Amino acid sequence: MVKKVTVSTLQKSKDNGEKFSVLTAYDYSTAKYLDEAGIDVILIGDSLAMVALGYETTHSVGVEEMTIFTRAVAKGVERAFVITDMPFLSYHTDIAVAVKNCGEMIKCGANAVKIEGFGDYIVEVVKRLTQSGIPVVSHLGFTPQFINTLGGYKIQGKTEEAAQELLKQAKELQKAGAFAILLEMVPQETAKYITENLEIPTISCGAGKYCTAQVLVSDDVFGKYSDFTPKFARTYADMKSLIVDCAKKFDYDVKNGLFPSDSEVF
Ligand code: KIV
């Protein structure tokens, strides 16, 4: 029997000064392979809007789409902890709606949700979700759903004052019940300072090596998504070339009568 990763496992990593790994997945087979590889947390990121659905920003996906991807990923996973990103405006209009929408993800097999932002309203949302049995990761720093208010892909927490402000936000969310803080595009020293001053784990998305965990978009790791690769991503393969190569070979075989062979027919 495989031992499932839980919020307690992730907290133990923080307490023992150990690291854990997080990758995104949007489909059943990818989730299954990441789980087999020993990835601790699988995130159904709303980055799927770009990498799986071809949209320009994360704004275009809704609750219904996230439930479909969540079901597929959850079915492929035995050991990893599964987190679903709550889409744009699915938790902003009112707390009851937020609880209902986040609850849908848990019903589809997620173990937790991730929500972006800070401030009184978001703190209250985190509190109510936690009280409802829905574990929450808070996403701070560069928050893609706020790209229009932030004015583009900009590093956050660069000054001493901004770092203090980020820590203040993180502490409020920790107090409200968030079990981890994801820091995106934050200078390494700022992320270190925040990590050292929190009791819960931090997850780095381009926030350097001192966080408890590291997250990347799996399509960047595999070299599958070629429209844009962030500076902080590490690419371990060239899946795009592999796919194009395989498709070219199939195309050639079909057009030259080489597929199917005698062993591939009934
Ligand atoms: O949507 C996503 O995949 C994310 C990660 C990049 C952290 O939020």
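Indexing begins at 1, ligand by ligand and atom by atom, following the structure's order. Note that the coordinates shown come from a computational prediction; the quantities given were computed from them, not determined experimentally.
Taking atom 6 (C) of ligand 1 as the reference point, the nearest protein heavy-atom neighbour is Cys205 SG, 3.7 Å. Closest to atom 5 (C) of ligand 1 among all protein heavy atoms lies Leu43 CD2, 3.8 Å. The protein heavy atom nearest to atom 8 (O) of ligand 1 is Lys114 NZ, 2.9 Å. Of the protein's non-hydrogen atoms, Leu182 CD1, 3.7 Å is the one closest to atom 7 (C) of ligand 1.
For ligand 1, the atoms lying closer than 4.0 Å to a non-hydrogen atom of Thr24 are 3 (O). In the vicinity of Gly45, heavy-atom distances shorter than 4.0 Å reach the ligand 1 atoms 1 (O), 2 (C), 3 (O). Per-residue contacts place Asp85 under 4.0 angstrom from the following atoms of ligand 1 (heavy atoms of the residue considered): 1 (O), 2 (C), 4 (C), 8 (O).
Ring pair Tyr26/Phe69 is perpendicular by interplanar angle, where above 60° counts as perpendicular and below 30° as parallel.
For Glu264 and Ser261, the side-chain atoms include at least one donor-acceptor pair closer than 3.5 Å. With hydrogens and angles left out, the side-chain atoms of Thr6 and Thr9 include a donor and acceptor closer than 3.5 Å.
Summarising the contacts of atom 2 (C) of ligand 1 with Ser47, Gly206, Ala25, Ala233, the nearest heavy atom is found in Ser47.
For the pair Tyr26 and ligand 1, the shortest N or O to N or O distance does not fall below 3.5 Å.
A centroid separation of less than 6.0 Å is found between the aromatic rings of Phe179 and Phe81.
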Full working for salt bridge (Lys or Arg N to Asp or Glu O under 4.0 Å) between Glu104 and Lys107 = CA-CA 5 Å; Glu104 287 305 316; Lys107 287 186 200 167; 3.5 Å; yes
Can you list the steps and then say if Lys32 with Glu36 is a salt bridge (Lys or Arg N to Asp or Glu O under 4.0 Å)?
-> CA-CA 6 Å; Lys32 202 172 156 98; Glu36 192 180 312; over 6 Å; no
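Contacts with ligand 1 closer than 4.0 Å are made by no heavy atom of Leu48, backbone or side chain. Contacts between Asp46 and ligand 1, counted as non-hydrogen atom pairs separated by less than 4.0 Å, involve both the backbone and the side chain.
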